[in-house]
Amino acid sequence: MTAIAPAWMHEQITAAEYDAWSEEQCAGIEIVDGMVVVSPSASKRHNRLARILANALDAAAGPEWNADTDFDVRLQDVPLTNRRSDVVVYRADTIDLTPTRPEHVLMVVEVVSPGSETTDRIVKVDQYAKAGIAFYWRIEQAVNGVPLIYTYILDPATGSYRTGEMFTGTVDISAPFPVQVDLSGI
């Protein structure tokens with residue numbers, strides 16, 4: 001038996017069309033250059049890493065920033081590009097604004113999983129930098145169970161990220177705000 005994808009998966013959609021969809025229709029997809037990209041469900045380990053990191057960042061961020069998982073960041077309207085980062089740190093006063101736009105976002109975090117390596121290491125890095133998001137973290141799930149955390153900082157002059165520090169399992173830095181996260185028990 002062959003599965004046939006719905007027509008909307010083969011046609012470019014606009015921001016207005018996407019905004020009319022229900023939350024259920026938007027779950028588990030991203031829109032890149034107007035085309036729907038379906039992502040397989042993340043593993044429990046992947047989701048746990050994202051949740052622990054989001055909770056730690058949220059606690060460290062203070063009242064001006066929130067850190068959450070599983071919602072769209074509208075990188076551009078035409079062609080429509082929505083990314084669903086694993087963790088997003090965004091201005092607390094924009095919690096009820098939709099869509100969340102790059103100017104609301106301080107940092108995005110992607111947890112790399114099998115199948116997302118190229119997208120998380122190359123494609124999203126360029127898209128987030130072009131959108132002007134100040135910080136990007138990439139979490140690699142190492143074979144020994146202790147994650148590797150790569151940090152990137154936007155260089156406004158070039159519009160691209162420069163490499164920051166790399167951490168294993170524990171992060172303790174002062175920018176963008178003080179945070180200590182121990183991911184070694186994952």
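These numbers were taken from a predicted model, which means no experiment stands behind them.
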Next item on the list: Take Arg51 and Asp58, measure what salt bridge (Lys or Arg N to Asp or Glu O under 4.0 Å) needs, and give me the verdict at the end.
Entry: CA-CA 10 Å; Arg51 183 178 49 79; Asp58 195 58; over 6 Å; no
Checklist line | Residue pair Ala92 / Pro63: nearest heavy atoms and the distance that separates them | finding: CB-O, 3.3 Å
Next item on the list: Determine, step by step, whether Val123 and Arg83 satisfy the side chain to side chain contact (heavy atoms under 4.5 Å, CB included) criterion, reporting the C-alpha distance in whole Å, the side-chain angles of both residues, the deciding distance to 0.1 Å, and the verdict.
Entry: CA-CA 11 Å; Val123 177; Arg83 284 296 189 180; 3.7 Å; yes
Next item on the list: State plainly whether one hydrophobic cluster holds both Val105 and Val125, where clusters connect Ile, Leu, Val, Met, Phe, Trp and Tyr through side-chain heavy atoms under 4.5 angstrom apart.
Entry: yes
Next item on the list: For the pair Arg121 and Glu140, evaluate side chain to side chain contact (heavy atoms under 4.5 Å, CB included) and give the outcome as yes or no after the intermediate values.
Entry: CA-CA 10 Å; Arg121 292 178 186 152; Glu140 299 276 346; 2.8 Å; yes
Note to self: Using only atom types and a distance under 3.5 Å, with no angle test, would you say the side chain of Asp155 pairs donor to acceptor with the backbone of Ser160?
What the structure shows: no
Next item on the list: For Tyr128 and Ser85, test the side chains for any donor-to-acceptor distance below 3.5 angstrom and give the result as yes or no.
Entry: yes
Item checked: Pairwise side-chain contact, Tyr136 with Glu110, heavy-atom cut-off 4.5 Å (strictly under) -> yes
Checklist line | From CA spacing to verdict: side chain to side chain contact (heavy atoms under 4.5 Å, CB included), Ile31, Thr81 | finding: CA-CA 5 Å; Ile31 309 295; Thr81 299; over 6 Å; no
Margin query: Nearest 0.5 Å, please: how far is CG in Leu53 from CD1 in Ile149?
Written below: 7.5 Å
Notebook entry, point to check: Mind checking whether Leu148 and Val108 sit in one hydrophobic cluster, side chains of I, L, V, M, F, W, Y counted as touching below 4.5 Å?
Noted result: yes
Margin query: For Arg84 versus Glu30, what's the shortest heavy-atom pair and its separation?
Written below: N-OE2, 2.8 Å
Note to self: Quick one, Arg74 and Asp19 - any side-chain contact, counting heavy atoms below 4.5 Å?
What the structure shows: yes
Notebook entry, point to check: How far does CD1 of Ile122 sit from CZ of Arg138, to the nearest 0.5 angstrom?
Noted result: 9.5 Å
Notebook entry, point to check: Does any non-hydrogen side-chain atom of Asn66 lie less than 4.5 Å from one of Ile95?
Noted result: yes
Notebook entry, point to check: Can you name the nearest heavy-atom pair linking Leu80 to Ile13, along with the distance?
Noted result: CB-O, 4.0 Å
Note to self: Would you compute the distance between atom NZ of Lys130 and atom CG of Leu154 and round it to the nearest 0.5 angstrom?
What the structure shows: 12.5 Å
Note to self: Testing the basics here: between Cys26 and Tyr18, what is the closest heavy-atom pair and its distance to 0.1 Å?
What the structure shows: CB-OH, 3.3 Å
Notebook entry, point to check: Would you call Ile29 and Val37 a side-chain contact if the rule is heavy atoms closer than 4.5 Å?
Noted result: no
Margin query: Can you see whether Tyr152 engages Arg162 through a side-chain donor-acceptor pair at a distance of less than 3.5 angstrom?
Written below: no
Note to self: If we ignore hydrogens and angles and just use 3.5 Å, is the side chain of Ser116 paired with the main-chain N or O of Ser113 as donor and acceptor?
What the structure shows: yes
Next item on the list: With the side chain counted from C-beta on, respond yes when Ile139 and Val109 share a heavy-atom pair under 4.5 Å apart, and no when they do not.
Entry: yes
Note to self: Just so I know, are the side chains of Thr151 and Phe135 near enough to count as touching, which here means a heavy-atom distance under 4.5 Å?
What the structure shows: no
Checklist line | Leu75 side chain near Ile133 side chain, heavy-atom distance below 4.5 Å | finding: yes
Check: ring-ring contact (aromatic ring centres under 6.0 Å, His included): which pairs involve residues 37-63, sequence neighbours left out?
Finding: none
Item checked: Single-linkage hydrophobic cluster Trp137~Ile153, side-chain heavy atoms < 4.5 angstrom -> yes
Checklist line | Point-to-point distance, once rounded to the nearest 0.5 Å, from OH of Tyr90 to CE of Met107 | finding: 13.0 Å
Next item on the list: With sequence neighbours excluded, give me every side-chain hydrogen bond (donor to acceptor under 3.5 Å, both in side chains) pair touching residues 93-106.
Entry: Asp77-Arg101, Arg91-Asp93
Checklist line | Minimum heavy-atom distance Leu57-Ala67, with the two atoms named | finding: CB-CB, 3.8 Å
Item checked: Minimum-distance pair of heavy atoms, taken over all atoms of Glu17 and Thr14 -> OE1-N, 2.8 Å
Check: Between Asp126 and Tyr161, is any side-chain donor less than 3.5 angstrom from a side-chain acceptor?
Finding: no
Item checked: Qualifying residues under salt bridge (Lys or Arg N to Asp or Glu O under 4.0 Å), relative to Asp120, sequence neighbours excluded -> Lys124
Notebook entry, point to check: Any side-chain heavy atom of Phe71 within less than 4.5 Å of one from Val88?
Noted result: yes
